[in-house]
*Asks:* 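To start, I am sharing the structure in question, which I have written as structure tokens.
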Amino acid sequence: MSADEPSIFVGCGEKEVHDVPMSVICRPIPSVLDQEKVANFQDAIQNGAEMTPLEVLWVEEPPGSNYYFALGGCHRWEAYTRLKSPTVPAHLIRVPPSTITHFLGSSSPFFKRNMQQ
Ligand SMILES: Nc1ncnc2c1ncn2[C@@H]1O[C@H](COP(=O)(O)OP(=O)(O)OP(=O)(O)O)[C@@H](O)[C@H]1O
């Protein structure tokens with residue numbers, strides 16, 4: 001996604017930035033990386049830049065069980081990973097399980113449930 005391209009989640013109402021533990025975020029789509037871009041992001045983060053928050057999709061299903069997915073932001077993710085950051089700044093966007101299934105198809109952990117509905 002380029003900076004000029006608005007996210008499909010723009011307008012979902014999430015304004016707050018959370019420091020989300022990287023260990024709880026699932027990244028189901030393999031990253032294709034431009035190494036120079038990752039290095040530039042690492043430099044920016046180390047120099048204190050306020051990076052654009054990642055968009056993290058948050059599914060609470062069944063109630064009390066929380067799942068967090070990051071589908072994009074692979075360069076920022078890799079930069080924070082290489083810097084061994086325990087957390088990443090993110091907007092949490094609450095979505096139903098069917099949104100994850102929409103993106104991941106049969107790889108979605110909610111696929112079977114969504115197919116039964
Ligand atoms: N030095 C910086 N300081 C703050 N924000 C930055 C800086 N450089 C880039 N950004 C922002 O970080 C985001 C990077 O998005 P970009 O699409 O380029 O990479 P990504 O989302 O991490 O990876 P990808 O889109 O490939 O999955 C953009 O919103 C951009 O405006």
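Every value quoted in this text rests on a predicted model; they were computed, and no experiment measured them. Indexing begins at 1, ligand by ligand and atom by atom, following the structure's order.
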*Asks:* For a quick test of reading the model, state the closest non-hydrogen atom pair linking Ser108 to Thr101 and the distance between them.
*Replies:* OG-OG1, 2.8 Å
*Asks:* Say whether Lys37 and ligand 1 are in contact under the criterion: heavy-atom distance to a ligand atom below 4.0 Å.
*Replies:* yes
*Asks:* Looking only at distances, please establish whether an N/O atom of ligand 1 is found under 3.5 Å from an N/O atom of Gly72.
*Replies:* no
*Asks:* If you round to the nearest 0.5 Å, how far is CD1 of Ile25 from CG of Leu54?
*Replies:* 7.0 Å
*Asks:* List every atom of ligand 1 that sits less than 4.0 Å from any heavy atom of His75, numbering the atoms from 1 in the order shown and giving each element.
*Replies:* 20 (P), 22 (O), 23 (O), 24 (P), 26 (O)
*Asks:* For ligand 1, is there an N or O atom under 3.5 Å from any N or O atom of Cys74?
*Replies:* yes
*Asks:* With atoms numbered from 1 as shown, which atoms in ligand 1 lie under 4.0 angstrom from a non-hydrogen atom of Ala44?
*Replies:* 1 (N)
*Asks:* If the cut-off is 4.0 Å to any non-hydrogen atom of Phe41, which atoms of ligand 1 fall inside it?
*Replies:* 8 (N), 9 (C), 14 (C), 19 (O), 22 (O)
*Asks:* If we only count N/O pairs under 3.5 Å, is Trp77 in contact with ligand 1?
*Replies:*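 No; every N/O pair is 3.5 Å or more apart.
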*Asks:* Evaluate whether atom CD of Glu50 has more than 12 neighbouring non-hydrogen atoms of other residues, nucleotides or ligands under 6.0 angstrom away.
*Replies:* no
*Asks:* Suppose we screen for salt bridge (Lys or Arg N to Asp or Glu O under 4.0 Å). Which residues come up paired with Arg27, at least two apart in sequence or across chains?
*Replies:* none
*Asks:* At less than 4.0 angstrom from any non-hydrogen atom of Ala49, what atoms of ligand 1 do you find?
*Replies:*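 By the 4.0 Å cutoff, the relevant atoms are 3 (N).
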*Asks:* Judged by atom type as modelled, is there a donor-acceptor pair below 3.5 Å linking the side chain of His75 to the main-chain atoms of Asp34?
*Replies:*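 Present.
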*Asks:* Between Lys37 and Glu78 (salt bridge meaning N to carboxylate O under 4.0 Å), is one present in this structure?
*Replies:* no
